[in-house]
Structures are given as C-alpha cells and as structure tokens.
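By convention here, the first residue in the shown sequence is residue 1.
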Amino acid sequence: MTERGAGGAVAENPRRGEAAARDNSLKRSRSRIAARGKAVRLLVTGVVQGVGFRPFIYRLAHRFGLRGWVKNVGPGVEIHLEARGAAGLASFMRALSREKPPLARIESVRRRAAERRGFRDFRVRESRREKSFVFIAPDIATCDSCREEVFRPGERRFHYPFTNCTDCGPRYTIVRSLPYDRDRTTMAGFALCPDCLREFRDPLDRRYHAQPIACPACGPRLRLLDARTGKTVPGGIEAAAALIKRGRVLAVKGLGGYHLVADALNARAVGRLRAVKERKRKPLALMAAGIGVVERYARVGEEERRALLSVGRPIVLLGKRKDIPGIAPGLDEMGFMLPYTPLHHLLLEKVPLIVATSSNRKDSPIMKDRREGIGGLCDFILDHNRAIEMRADDSVVRPATGRPLFVRRARGYVPHPQRVPEGLAAAEDVLALGGELKATVSVYKNGYVVTSQFLGDQDEYPNHRYLEETVRHLCRLFSVKPAVVVSDLHPDFHTTRMARAMGLPHLQVQHHFAHVLAPMLEHGLAPGRRVLGVSLDGYGYGADGEAWGGEFLLADYAGFERFARMKPAPMPGGDAAARQPWRMALSYLYALLGRRAASHPSLKAVGRKKIEDVLEMMERGLRSPLTSSCGRLFDAVSWLAGTAPLEMEFEAEAAMRLEAAASKKDEGSYP
C-alpha cells in the first residue's frame with residue numbers, strides 16, 4: 001500500500017519498506033555469488049591433439065562469455081572455465097560434443113569443480129610435456145578450404161602441393177613421438193616463415209598449431225627426377241603429367257609411400273607397369289579426379305559415394321559399369337579412390353584417371369624413401385623432401401549396410417583407438433603380434449586397443465622387418481611397455497617365434513578364435529556374453545594340432561567350444577594346394593568318385609601324370625594334411641565352375657573370380 005503526499009511523492013508503507021530492504025539485500029548477495037560465479041575443470045581425452053581442438057575451445061569460450069584457459073596435457077586436453085552463471089557452461093558443454101572439429105574424436109570428458117581464480121579472459125596455454133597415452137589422428141584428405149586455396153590465383157599457397165591445416169594433412173605417417181609437436185615430426189627441419197608463424201600462433205586461424213603447415217617460402221619442395229640418372233627434370237607437376245600421358249611409368253611420393261603411376265587408359269603403359277611389378281592379373285588401384293570420372297566406369301550408389309568422399313579417402317571396390325582393359329581382369333569390380341593430397345589434386349587436374357598402385361616389389365612393403373630402390377620400378381620420380389616416418393598403404397573398403405567393410409585397414413584410419421568393454425580393462429600394457437598372412441599388430445594400454453596398418457605376409461623377410469619397425473613405432477608413440485605378448489597358436493609362425501624371443505609372458509590364441517574375438521571387441525560385447533562365431537577362413541593351426549579352416553565356435557572372451565566345422569578334406573601337396581586350385585578340386589572329386597575322379601572333364605588341362613601323382617599322394621597319406629578350410633572349398637568350386645586359373649597369382653584369386661561369375665545374374669547357377 002502507498003500514500004500519495006504533496007507534490008506527488010510516493011511514501012512507502014513501513015512494513016513494505018522493511019521487506020524491500022530484505023529483498024535488496026538478497027539481490028546483492030546473489031549478485032556477489034554470481035560475481036564469484038562457477039569454475040570447472042575439464043579433462044577431455046580421445047583424438048584431441050593436433051586436430052584444432054584448442055582453438056575450437058577458445059572460440060567456444062569467447063562465444064559463451066567464459067574465462068580461463070585450455071592446454072594440451074599428458075592424457076589429452078585440459079580446460080579451466082569460469083562463468084557468471086550456469087547457462088554459459090551448459091551451452092558450452094552442449095556445443096563441445098555437437099560442434100567438435102572434423103578430425104576430433106572425444107572418448108571421455110571428466111568434469112570436476114575447481115577454485116575460481118578470477119581470470120579476465122580466455123587463453124591458450126603452453127602444452128605440458130609428460131609421459132602419457134595420447135591419441136593421434138590418422139592422415140586426412142585435403143579439406144575443401146585448402147583445396148580451394150590451392151586452385152585460387154593470388155593465394156600465397158596457389159598450386160602449392162603441401163598445403164594443409166588443422167582439418168587435414170599428414171599425421172600418423174610424419175610423427176616420430178608424442179606429444180604431437182612440430183619438432184617431433186618430419187617437419188622439424190622446416191622453420192616457419194613470418195606469415196606461417198602468424199597463422200600458427202593465432203587461435204582464430206584454422207592453421208593454429210597445425211604442425212605440418214608450410215608454404216612455398218618455408219616448406220617442402222617438389223622435384224621431378226630421371227629414375228635412371230637421378231638428375232632433375234624441369235617442369236614439375238606439368239612435366240610429370242605430360243610424361244604420364246606419353247605412356248611413362250612414374251613413382252609419385254604420397255603420404256605413406258610412393259605410388260607407381262601410369263595412364264589407366266593406355267593399355268601399353270598398364271602392361272609395362274604390370275611387368276615391373278611382376279603382377280600379371282592382380283587388380284590395380286585407380287585414382288580419379290572426381291566422382292564424375294568414377295561414374296563413367298563404375299556403379300556408384302549413395303554408400304559408395306560416402307566412402308569415396310570420406311576423410312580417409314580409401315580405395316573403394318565398385319561394380320564395373322565399363323571395363324578398363326588390364327585393370328582387374330576376370331573380376332566384376334574395380335578399386336577407385338579420389339585424390340587425398342594437394343599434389344594428387346594438381347596432378348589429376350591434368351590426367352583425370354591414373355593407375356596408382358603401391359610401389360612395392362613382389363612380397364615387400366611399400367617404399368617410403370628413394371634409397372630403397374624405387375628408381376628400378378619406374379621411368380621418372382615425382383619426389384619431395386618431406387620425409388615419411390611410418391610407411392602405410394592405402395586402405396581398401398567395400399561399402400556394406402551403411403558402413404565400410406575393411407578389406408585392408410591402413411592410411412586414413414590408423415591409428416584410431418578401439419575402447420575395450422567394461423570388465424576387460426587391465427593395468428598392464430599388452431603387445432599382440434598376430435598371425436602370418438595379412439598381418440597387423442596391436443597394442444593395448446589404459447583401456448584402448450590401437451591396431452597398426454596392414455603389414456603384409458610374414459613369411460617374407462622384408463615384411464617381417466616392416467612388422468618389427470611398426471612395433472617399435474607404436475610402442476614409442478604410445479609409451480607402451482608390454483608386460484605380456486600375444487601371438488597365434490601356430491608354433492612355427494614368424495610372429496610366434498618373435499614373441500617367444502621377447503622374454504615376456506607369452507599367450508597364444510587359436511587362429512579362428514581370434515577371428516571371433518575381433519568383432520566381439522569391435523561391437524563392444526560385454527564379458528559374459530556367449531556367441532556363435534562363424535569363421536570361414538583359410539588355414540589355421542587347430543587346438544588339436546590339425547589344420548582348421550571353416551569353423552563354428554561357441555565362444556566368449558574366456559574361451560570357446562568347437563561346435564561344428566566344414567567337412568575336412570585332404571590338401572594334397574600342402575601349400576601347393578593353396579596355389580593350384582585343381583588339387584583341391586581333385587581332392588573333393590576323389591572323396592565322391594574314387595579313382596574315377598582322374599577322368600573328370602574339369603581336369604583335362606592338368607595332365608594325366610600330375611593327376612596320378614596327386615592321387616597317389618592322397619592314397620598313401622603323403623603331404624596331404626586334412627583341412628576344413630572354407631578357402632580351399634571355394635578354390636575347388638571355382639575350378640569346377642571353370643573360373644579358377646591353373647595357378648593362382650595372389651591369395652583368394654580363385655574365390656574372387658567365382659564371386660564375379662556368381663554375380664552375373666544372366667549366367668544362371670551352378671547345379
């Protein structure tokens with residue numbers, strides 16, 4: 001209630017005045033509390049270093065009026081935030097997960113209350129170096145912003161083949177140790193010029209703390225060399241493109257090694273490339289300037305398009321629309337990838353479709369240095385002086401049910417971590433060396449498994465050296481000190497012998513059980529869950545010492561029971577039966593027809609003496625181990641269907657040709 005006095009003044013009711021005074025006191029108290037505000041400390045783990053995460057946090061803090069700091073620490077990124085109220089913090093936390101940088105992968109955010117220090121702004125602090133387990137992003141394809149810069153006249157990086165930023169460029173293949181700082185990468189010898197240094201130090205610039213950045217004034221340089229003489233050839237990328245068009249074979253240095261490059265539409269050049277690679281029929285990978293070029297020759301659906309354009313830029317297996325002679329003979333698919341470095345974009349602008357196959361000699365790893373003998377495989381070398389620390393082939397995928405199915409996991413995806421399910425975490429570091437063929441290695445630490453790139457077949461000495469090199473790199477990179485080493489059950493695999501020689505507790509896992517465990521881990525199945533694991537594979541050393549192959553295992557993480565298997569058949573000649581499909585066809589025919597199998601029409605091309613020798617081998621039980629291998633069954637059916645060669649050039653060739661024939665709906669079915 002109020003009373004109006006002379007002059008229109010308003011006089012407060014005494015009781016109302018006392019209440020108002022109390023209200024004002026409460027408001028002042030809340031104001032003082034708000035002035036002190038809230039303070040929180042966040043620790044973000046995952047792939048959060050070297051991916052533009054700190055400048056992202058800087059921008060978010062300014063956007064929501066928060067003060068404090070952000071810095072790299074051992075386990076990830078630490079953030080101190082001070083706010084006047086809860087709204088800014090809540091908005092920050094929502095944006096943290098929704099708007100994170102393209103390459104960032106947040107595994108966990110730990111939050112705790114912190115003491116308020118009264119910061120007046122928000123800053124990026126110097127990193128704290130300490131031993132840790134920090135994740136690093138894979139090598140990532142050139143982002144749209146960098147690609148536009150490379151092709152925009154007037155830009156200082158116009159046509160510069162090593163342009164990158166925090167959203168793209170090399171990572172895993174150039175890093176020597178962590179934390180991920182320039183002086184711990186192969187860019188250490190390239191001092192930043194003033195312009196690059198300004199970008200590197202500006203938290204609002206997309207090149208803030210992008211360790212590999214450079215420009216024509218301060219970065220790596222490109223050289224075109226005559227492979228025979230080693231002398232520089234003038235003209236750079238333009239001259240290289242002209243040489244490709246003239247049918248020459250070039251070695252082009254990429255992220256994880258050299259590609260051998262030729263004009264994909266020049267049959268003579270492709271034939272010459274096959275000759276130097278000693279590869280008669282094995283498919284060759286193609287690199288195309290864009291989706292439009294791919295669609296001329298292959299069927300590209302929405303899933304395939306997503307895979308081709310993904311930041312990993314894998315080779316994607318696509319159904320043929322129009323065959324290109326000499327690229328994938330006898331198969332119904334071809335492997336295409338899109339350019340993933342500025343150098344590739346600049347080259348493909350002039351030659352829109354090239355063969356881009358790994359620069360490895362037969363049964364050896366991809367070459368990463370000119371001194372490894374790359375000159376013996378090509379006419380010219382498009383080289384540069386940014387060293388490759390860790391070699392890595394291109395990844396190969398086949399789109400399946402909305403996600404890529406890996407045929408080969410390597411560049412663009414390694415070394416993304418895999419979290420183990422609750423209940424499987426252990427305190428000790430573990431090193432797993434795997435099996436013999438298509439090898440990879442893995443390390444376990446702090447609840448995560450990191451798996452290497454594809455390392456090839458370990459029965460070849462150069463590939464085994466590659467495996468040893470990769471083990472050293474992963475252990476150094478992630479500060480892994482193995483307390484346990486794991487290998488295949490086979491006593492004579494190179495990886496088994498290597499594990500045995502390490503002097504550590506050594507666990508051995510049956511081959512097909514390992515194949516079942518991998519998807520259980522990938523899909524995060526909790527301990528205690530039991531599955532029926534179907535492993536349709538080639539040879540594996542069985543728990544009973546026999547050759548296993550097509551296995552049905554009732555399994556959990558602790559062990560397995562062999563529930564069922566493919567019917568065993570003799571493998572006449574042992575490993576020779578895996579190379580010559582007719583041997584397995586004869587094995588299955590003999591089980592059905594006895595000696596009459598020798599005159600089966602499908603074996604006419606083999607020769608009577610060879611057939612008699614193999615029959616005698618099986619009858620006497622000489623070098624004819626029993627196998628339930630599904631791969632050998634595919635080989636036999638492929639031979640009987642007329643799709644397998646007399647001798648296979650590469651593993652699974654017979655099965656791939658059978659698959660190609662089966663996909664032709666107008667061919668009917670095999671009875």
Side-chain angles (χ1 to χ4, degrees), residues 280-282 329-332 437 511-512 534-553 562-671:
K280 295 177 182 177
R281 299 182 303 272
K282 191 173 182 179
L331 304 179
D332 63 339
L437 302 181
H511 191 88
H512 302 90
V534 183
S535 179
L536 302 181
D537 191 30
Y539 168 80
Y541 189 84
D544 55 4
E546 298 294 329
W548 289 13
E551 305 298 324
F552 296 73
L553 307 179
R562 196 183 191 193
F563 177 72
R565 60 177 176 167
M566 304 297 284
K567 185 177 180 180
M571 261 180 84
D575 288 344
R579 295 190 299 272
Q580 298 173 342
W582 64 267
R583 289 175 179 258
M584 287 309 302
L586 180 55
S587 176
Y588 281 101
L589 287 171
Y590 181 70
L592 292 170
L593 305 174
R595 272 276 168 177
R596 286 180 297 148
S599 57
H600 194 276
S602 69
L603 298 168
K604 190 174 181 181
V606 175
R608 189 75 187 190
K609 184 172 188 317
K610 284 184 179 179
I611 293 171
E612 288 296 333
D613 288 346
V614 168
L615 286 173
E616 186 179 353
M617 191 182 295
M618 287 191 290
E619 287 171 346
R620 295 177 61 186
L622 298 174
R623 294 182 59 230
S624 299
L626 292 175
T627 180
S628 59
S629 167
C630 206
R632 302 295 74 81
L633 176 61
F634 291 155
D635 292 347
V637 175
S638 184
W639 178 267
L640 293 171
T643 59
L646 197 65
E647 181 137 1
M648 293 198 293
E649 181 191 348
F650 55 95
E651 191 189 6
E653 181 182 10
M656 290 167 68
R657 286 170 169 266
L658 178 66
E659 183 180 37
S663 68
K664 295 176 182 175
K665 296 181 176 59
D666 58 333
E667 294 288 336
S669 61
Y670 184 78

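Between the CD atom of Glu659 and the CG atom of Asp332 there is a distance of 6.5 Å, given to the nearest 0.5 Å. In this structure, CG on Leu553 lies 8.0 Å from NE2 on His512, to the nearest 0.5 angstrom. Note that OH of Tyr539 and CG of Leu437 are 10.5 Å apart. Values are rounded to the nearest 0.5 Å. Put simply, CD on Glu647 and CZ on Arg583 are 9.0 Å apart, with the number rounded to the nearest 0.5 Å. We find the OH-CZ distance between Tyr588 and Arg632 to be 9.5 Å, quoted to the nearest 0.5 Å. One finds the NZ atom of Lys282 at 9.0 Å from the CE atom of Met656 (value rounded to the nearest 0.5 Å).
Shown here for Gly330 and Ala660, the closest heavy-atom pair between the two residues is O-CB, 3.8 Å. Across every non-hydrogen atom of Leu603 and Ala597, the tightest pair is CD1-O, 3.4 Å. Across Met618 and Pro572, no two heavy atoms sit closer than the pair CG-CB, 3.8 Å. Contact between Ala654 and Met648 at its shortest, heavy atoms only, is N-SD, 3.3 Å. Heavy atoms only, all atoms of each residue included: Asp635 and Ala577 are closest at OD2-O, 4.5 Å. Scanning both residues, Met617 and Arg623, for their nearest heavy atoms gives SD-O, 3.9 Å.
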**Request:** Please lay out, stage by stage, how Leu640 and His600 fare under the test side-chain contact (heavy atoms from CB on, under 4.5 Å).
**Result:** CA-CA 10 Å; Leu640 293 171; His600 194 276; 4.1 Å; yes

**Message:** Let's go through Arg608 and Ser599 carefully: what are the C-alpha distance in whole Å and the side-chain angles of both, what is the deciding distance for side-chain contact (heavy atoms from CB on, under 4.5 Å) to 0.1 Å, and is it a yes or a no?
**Reply:** CA-CA 9 Å; Arg608 189 75 187 190; Ser599 57; 4.3 Å; yes

**Message:** One pair to check against side-chain contact (heavy atoms from CB on, under 4.5 Å): Val614 and Trp582. What are the steps and the verdict?
**Reply:** CA-CA 10 Å; Val614 168; Trp582 64 267; 3.6 Å; yes

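Using a 4.5 Å heavy-atom threshold, the side chains of Leu589 and Trp639 count as separate. Between Thr627 and Pro568, every side-chain heavy-atom pair lies at or beyond the 4.5 Å cut-off. Residues Arg595 and Glu619 form a side-chain contact, since some pair of their non-hydrogen atoms from C-beta on lies under 4.5 Å apart. Residues Met571 and Ser587 fail the side-chain proximity criterion, which asks for heavy atoms closer than 4.5 Å. Put simply, the side chain of Arg657 reaches to within 4.5 Å of the side chain of Pro645, judged on heavy atoms.
A donor-acceptor contact shorter than 3.5 Å links the side chain of Glu551 to the backbone of Gly549. At distances below 3.5 Å, at least one donor-acceptor pair connects side-chain atoms of Glu649 with backbone N or O atoms of Arg281. Judged by distance alone, with hydrogens and angles left aside, the side-chain atoms of Ser624 form a donor-acceptor pair with the main-chain N or O of Leu622 at under 3.5 Å.
The 12-atom threshold is exceeded at CZ of Arg562, counting heavy atoms of other residues, nucleotides or ligands nearer than 6.0 Å. Under a cut-off of 6.0 angstrom, the local environment of CZ in Phe563 is sparse, with at most 12 non-hydrogen atoms contributed by other residues, nucleotides or ligands.
Asp537 is linked by a side-chain hydrogen bond (donor to acceptor under 3.5 Å, both in side chains) to His511, His515, counting only residues two or more places apart in sequence or in another chain. Remark: Asp575 pairs with no residue by the side-chain hydrogen bond (donor to acceptor under 3.5 Å, both in side chains) rule, at least two apart or across chains.
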